Amino acid sequence: EKGGYDYFMLKEIAEQPKAVADTLLGRIDAGGALTLDELRIPDSVLREVDKVVVVACGTAFHAGMIAKLAVEHWTRIPCETELASEFRYRDPILDARTLVIAISQSGETMDTLMALRHAREQGAKVLAVCNTNGSTIAREADAVLYTHAGPEVAVASTKAFLTQLVACYLVALYLAQVRGAKWGDEVRGVVRELSEISGEVERVLETMEPVRELARSLAEKRTVLFLGRHVGYPVALEGALKLKELAYMHAEGFAAGELKHGPIALIENDLPVVVVVPSPRGRSVLHDKIVSNIQEIRARGARTIVIAEEGDEAVVPYADHLIRIPATPTLLQPLVSTVPLQVFACELATARGNEVDQPRNLAKSVTVE
Ligand code: M6R
């Protein structure tokens, strides 16, 4: 049942190119337009949406943080992303023009379900991004966009995350399409690249041996930090979460710009710091800023593990370890930059003798509040 892999997690990491392709299947037509027929929310309602709120937990929340950037960039509709467990306890402002997106692999996460119910009671429309047919969240939402990841068995979410990202990009692009906003060359280019991205995920998977080797060499470390900016920030949080839940190590993700506001005091000699570098094309200011962040931490002794696009030469002098990922449009980068972090955490957990598929104290779906 593990298809020759030692762990479900390894199998599910390997299945990501297919999961991504399956989630796109039948949703982009020959002309490059999106066809989300299963969205039961009429276009006329989507045109009136004036606010998007994403609710989710854990890894799905990290997908939601990236969804916010995509929704705002492509649609110019204000979007906020909130932990489902916080959402309904703070009297959020919702009405019939609010689109709430509830992201959940299992569709049974109690915190997310309660947030969904609260949103519907306030008159908001709820769209579930869900991996499990007929699950409670899928049934109670106004509409569902299924992620076609297939069953995810390992407690640590991997392929579900990538498909959640794909689904969120589709929702954001579809909103842009029905509203006619920004539906120009940029968006067309993104749709084209999205349709080819599963091949890039495959390419990343083929180059993971050095990442495994690096992970094994860090098995005795106590702490690993993760830094990112823009879409790299949620990816940093996701890398840290994976390491916590699988390797039982202290791991923290930071927005790289926040370093100087406190966390830089943590940097000491030989501390491993993973940095997710945004594309040098597109938002080059952001790229240059993170390169100077890498310089700063390295000057203080950090062991820098840099995840950067192929062809990004600016990072080379400051990277103790360099992990290359293919060039993608800025917003799509998490589809490739997350993969090495999953492999890294899985290998570290194995090296530390931990139970990869079933980490201590955790359940696959958290059905209590
Ligand atoms: O089933 P859900 O997507 O609603 O689950 C949400 C979180 O519990 C889940 O992503 C959790 O954080 C994972 N174990 C992370 O790997």
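Positions are given from 1 along the sequence. Both counts, for ligands and for their atoms, begin at 1 and track the order of listing. Only a predicted model underlies this, so the values are computations on that prediction, with no experimental measurement involved.
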Original post:
For atom 8 (O) of ligand 1, which protein heavy atom lies nearest, and how many Å away is it?
Top reply: V366 CG2, 4.2 Å
Original post:
Are a donor atom and an acceptor atom from the side chains of D29 and T35 found within less than 3.5 Å of each other?
Top reply: no
**OP:** Inspect the contact between E310 and R203 and indicate whether a charged nitrogen and a carboxylate oxygen are less than 4.0 angstrom apart.
**Re:** yes
**OP:** Could I get the full list of side-chain hydrogen bond (donor to acceptor under 3.5 Å, both in side chains) partners for E152, not counting sequence neighbours?
**Re:** S157, K364
Subject >> Distance filter under 4.0 Å to T109 heavy atoms, resulting ligand 1 atoms >> reply: 1 (O), 2 (P), 4 (O), 5 (O)
**OP:** Using distance alone, decide if ligand 1 has a nitrogen or oxygen within less than 3.5 Å of any nitrogen or oxygen in V155.
**Re:** yes
Original post:
Do any N/O atoms on S157 end up under 3.5 angstrom from N/O atoms on ligand 1?
Top reply: yes
Original post:
Does any N or O in the side chain of T132 come within less than 3.5 Å of the main-chain N or O of S106, such that one atom is a donor and the other an acceptor?
Top reply: yes
**OP:** Find all atoms of ligand 1 within a distance of less than 4.0 Å from any non-hydrogen atom belonging to Q105, and give their numbers and elements.
**Re:** 1 (O), 2 (P), 3 (O), 4 (O)
Subject >> D320 and R303 ion-paired at < 4.0 Å >> reply: no
**OP:** Ignoring hydrogens and angles, tell me if any N or O in the side chain of R212 forms a donor-acceptor pair with the backbone of F344 under 3.5 Å.
**Re:** no
Subject >> Distance filter under 4.0 Å to K242 heavy atoms, resulting ligand 1 atoms >> reply: 15 (C), 16 (O)
Subject >> Per-atom contacts of ligand 1 with G58, taking only distances under 4.0 Å to non-hydrogen atoms >> reply: 12 (O)
Subject >> E245 contact mode with ligand 1 (heavy-atom cut-off under 4.0 Å) >> reply: side chain
**OP:** Check whether any side-chain N or O of N131 sits under 3.5 Å from a backbone N or O of A149 as a donor-acceptor pair, and report yes or no.
**Re:** yes
Subject >> Heteroatom proximity flag, S106 to ligand 1, N/O under 3.5 Å >> reply: yes
**OP:** Check each heavy atom of E108 against ligand 1 and say whether those closer than 4.0 Å belong to the side chain, the backbone, both or neither.
**Re:** neither
Original post:
Should the pair R352 and Y248 be classed as cation-pi, given the thresholds of under 6.0 Å to the six-membered ring centre and 45° from the axis?
Top reply: no
Original post:
Which ligand 1 atoms are under 4.0 Å away from a heavy-atom of T59?
Top reply: 10 (O), 12 (O), 15 (C), 16 (O)
**OP:** Please identify each residue that fulfils salt bridge (charged side-chain N to carboxylate O under 4.0 Å, His left out) with K18, with sequence neighbours left out.
**Re:** D22
Original post:
Should you measure from each heavy atom of S104, which atoms of ligand 1 turn up under 4.0 Å away?
Top reply: 1 (O), 2 (P), 3 (O), 4 (O)
Original post:
Which atoms of ligand 1 have any heavy atom of C57 under 4.0 Å away?
Top reply: 6 (C), 7 (C), 10 (O)
Original post:
Quick one: which ligand 1 atoms are inside 4.0 Å of a heavy atom on A156?
Top reply: 16 (O)
